[in-house]
Amino acid sequence: MTTPVTIIGAGLGGLTLARVLHLHGIPATIYEAETSADARTQGGQLDLHEYNGQLALEAAGLTDEFRAIIHEGGEAVRVLDQHGAVLLDQPDDGTGGRPEVLRGDLRRILINSLPGEMIQWGHKVTSVRPLGDGRHELAFADGSTVTTGLLVGADGAWSRVRPLLSDAKPEYVGTSFIETYLYDADQRHPAAAKATGDGSLFAVTAGKGILGHREAHAVLHAYVALTKPQEWIAAILASPETAAAQIAAEFTGWAPELTALITDGETALAPRPISALPIGHRWDRVPGVTLLGDAAHLMSPFAGEGANLAMFDGAELGKAIAAHPLDIEAALAEYEQALFSRSARFAAESDKNHQLIFGDNAPSGLLNLLTGQEPTE
């Protein structure tokens with residue numbers, strides 16, 4: 001294959017694709033809007049699943065590097081009621097199939113596995129123009145352009161590449177996370193640290209919840225879930241000096257060790273509205289272009305599949321291109337056929353879990369989900 005692959009976005013999916021292509025000797029370039037790998041923090045902890053994320057890392061030849069960054073004990077799960085009573089306490093005994101890693105560490109091992117010139121930082125796409133015969137011209141904010149015969153949109157929820165294939169746009173699912181961090185938690189926030197435990201914490205009732213995650217170095221990563229209009233949340237967060245108190249007021253009567261995850265936060269409260277593409281999102285084959293990850297199948301996070309699917313997409317696309325180096329359209333068709341099926345299944349699961357976790361019978365739906373029981377009517 002002589003046509004280089006142009007990848008938009010240096011997230012986990014785009015990096016995995018680039019790594020698999022590199023292993024097969026296929027030239028590729030990633031164009032990334034951020035100015036460097038350290039331009040911003042990369043979010044919190046995520047779990048890598050045996051059936052997709054870990055398979056992607058195996059295809060990328062990075063299993064040993066992955067095992068070196070696992071947060072031991074991070075698979076533990078606790079569910080508390082709003083008064084702090086323990087409803088479920090599952091320790092991490094080392095036999096689980098979803099080890100936890102920091103997203104930033106995972107991204108780092110992928111970046112380090114690529115030749116430096118493979119990623120072009122500081123290239124924000126402003127437009128994409130079809131030229132015919134499967135070729136496209138990309139324009140960047142710095143005034144430069146590039147023409148490509150094989151374009152992959154790995155550029156996330158608000159993809160610039162997606163409109164070449166689909167008119168679909170993400171829509172708000174009705175729930176937002178509000179995010180903050182507590183540092184040196186065992187010493188400075190012992191009650192919240194004890195409530196969170198060694199891994200993940202869930203305390204939910206209908207339409208809202210307080211979630212936490214213990215990360216390395218005694219960091220608590222807190223997510224407050226509220227089923228509210230985005231405008232309501234934006235109005236509260238517009239006044240940083242009172243925002244924490246106003247958010248905590250939504251949890252009046254809850255255990256103080258839980259509300260401390262809001263009121264003791266040491267970073268500004270950051271809104272994370274949850275949006276999704278339509279379940280079963282697909283498109284007709286368009287020569288010379290495809291999508292992966294959130295650009296293809298943005299879904300709510302309640303099945304925990306977003307990063308795993310993005311990486312698996314990248315690995316599968318890379319393998320398909322390597323298997324059909326002289327017939328790229330066959331490679332893309334093969335990849336998309338499988339992509340549409342698996343993404344529809346996981347998007348439906350994510351939507352179902354969203355309803356279970358924050359439904360009227362919460363936290364029963366969450367407990368059923370975590371223990372593998374069928375939900376009761």
Side-chain angles (χ1 to χ4, degrees), residues 4-49 52-70 99-125 138 140 146 148 150-162 289-298 305-322 335 339 343:
V5 182
T6 298
I7 304 165
I8 307 303
L12 298 178
L15 290 166
T16 303
L17 169 59
R19 170 63 178 177
V20 172
L21 292 173
H22 178 62
L23 291 179
H24 287 278
I26 298 170
T29 302
I30 300 176
Y31 292 94
E32 167 57 47
E34 293 177 0
T35 55
S36 74
D38 303 317
R40 65 177 177 90
T41 57
Q42 293 297 313
Q45 210 156 253
L46 51 86
D47 52 338
L48 269 291
H49 305 165
N52 48 24
Q54 292 183 46
L55 293 179
L57 287 168
E58 183 179 335
L62 295 172
T63 297
D64 289 344
E65 290 83 351
F66 156 66
R67 297 200 179 283
I69 63 171
I70 289 174
E100 300 274 347
V101 299
L102 283 171
R103 182 184 292 266
D105 288 344
L106 185 58
R107 188 178 188 234
R108 173 179 50 79
I109 66 173
L110 284 161
I111 290 172
N112 290 346
S113 74
L114 300 174
E117 68 278 5
M118 206 166 183
I119 305 176
Q120 297 295 307
W121 301 99
H123 280 73
K124 181 180 180 179
V125 175
L138 294 97
F140 300 99
V146 68
T148 179
L150 178 49
L151 175 62
V152 180
D155 50 342
W158 308 102
S159 171
R160 288 278 190 172
V161 179
R162 188 193 301 124
V289 60
T290 193
L291 305 172
L292 62 78
D294 285 351
H297 47 64
L298 178 69
E305 296 291 350
N308 285 277
L309 281 178
M311 295 172 65
F312 191 74
D313 292 349
E316 291 297 288
L317 177 55
K319 291 192 292 183
I321 292 170
Y335 160 74
L339 169 78
S343 61

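Hydrogens, waters and symmetry mates are skipped; everything else that's a heavy atom, side chains included, is used. Note that this is a predicted model, so its numbers are computed, not measured.
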Closest heavy-atom contact between [X] and [Y]?
{"X": "Pro99", "Y": "Phe66", "value": "CG-CZ, 3.6 Å"}
{"X": "Leu138", "Y": "Thr148", "value": "CD1-CG2, 3.7 Å"}
{"X": "Ala37", "Y": "Ile111", "value": "CB-CD1, 3.8 Å"}
{"X": "Leu110", "Y": "Leu62", "value": "CD2-CD1, 3.6 Å"}
{"X": "Gly61", "Y": "Leu23", "value": "N-CD1, 4.1 Å"}
{"X": "Ala307", "Y": "Leu46", "value": "CB-CD2, 3.8 Å"}

Please enumerate all residues that pass side chain to side chain contact (heavy atoms under 4.5 Å, CB included) together with [X], with sequence neighbours excluded.
{"X": "Ala320", "answer": "Ala331, Glu334, Tyr335"}
{"X": "Ala28", "answer": "Val5, Ile7, Leu21, Met118"}
{"X": "Asp294", "answer": "Leu298"}

Task: Contacts of Phe312 that satisfy ring pair (Phe, Tyr, Trp, His ring centres under 6.0 Å) - sequence neighbours left out - done: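 Phe312 satisfies ring pair (Phe, Tyr, Trp, His ring centres under 6.0 Å) with no other residue.
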
Kindly indicate whether the side chain of [X], heavy atoms from C-beta on, has any atom under 4.5 Å from the side chain of [Y].
{"X": "Ile8", "Y": "Val152", "answer": "no"}
{"X": "Leu339", "Y": "Leu317", "answer": "no"}
{"X": "Leu48", "Y": "Met311", "answer": "yes"}
{"X": "Asp313", "Y": "His297", "answer": "yes"}
{"X": "Gln54", "Y": "Thr63", "answer": "no"}

TODO: Check the pair Leu292, Thr16 against side chain to side chain contact (heavy atoms under 4.5 Å, CB included), reporting the backbone distance first and the verdict last.
DONE: CA-CA 11 Å; Leu292 62 78; Thr16 303; over 6 Å; no

Could you pull out all residues at least two apart from [X] that satisfy side chain to side chain donor-acceptor pair (under 3.5 Å)?
{"X": "Gln45", "result": "His71, His213"}
{"X": "Asp155", "result": "Ser159"}
{"X": "Ser343", "result": "none"}

Working to the nearest 0.5 Å, report the span between [atom1] of [X] and [atom2] of [Y].
{"X": "Arg160", "Y": "Lys124", "atom1": "CZ", "atom2": "NZ", "result": "6.5 Å"}
{"X": "Leu12", "Y": "Leu106", "atom1": "CG", "atom2": "CG", "result": "5.0 Å"}
{"X": "Ile70", "Y": "Leu102", "atom1": "CD1", "atom2": "CG", "result": "12.0 Å"}

Open item on the list: Filter on salt bridge (Lys or Arg N to Asp or Glu O under 4.0 Å), then keep only pairs touching residues 59-70, sequence neighbours left out; what's left?
Closed with: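 Salt bridge (Lys or Arg N to Asp or Glu O under 4.0 Å) check on residues 59-70 returns no pairs.
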
Task: Under 3.5 Å: donor-acceptor pair, side chain of Asp47, backbone of Asn308 - done: no

Open item on the list: Among residues at least two apart in sequence or on other chains, which ones pass salt bridge (Lys or Arg N to Asp or Glu O under 4.0 Å) with Glu100?
Closed with: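 For Glu100 there are no salt bridge (Lys or Arg N to Asp or Glu O under 4.0 Å) partners, ignoring immediate neighbours.
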
- [ ] Sequence neighbours left out, what pairs pass side chain to side chain donor-acceptor pair (under 3.5 Å) with at least one residue falling in residues 18-34?
- [x]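 For residues 18-34: Glu34-Arg40.
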
TODO: Among residues two or more places apart or on two chains, list those pairs meeting side chain to side chain donor-acceptor pair (under 3.5 Å) that have a residue in residues 102-118.
DONE: none

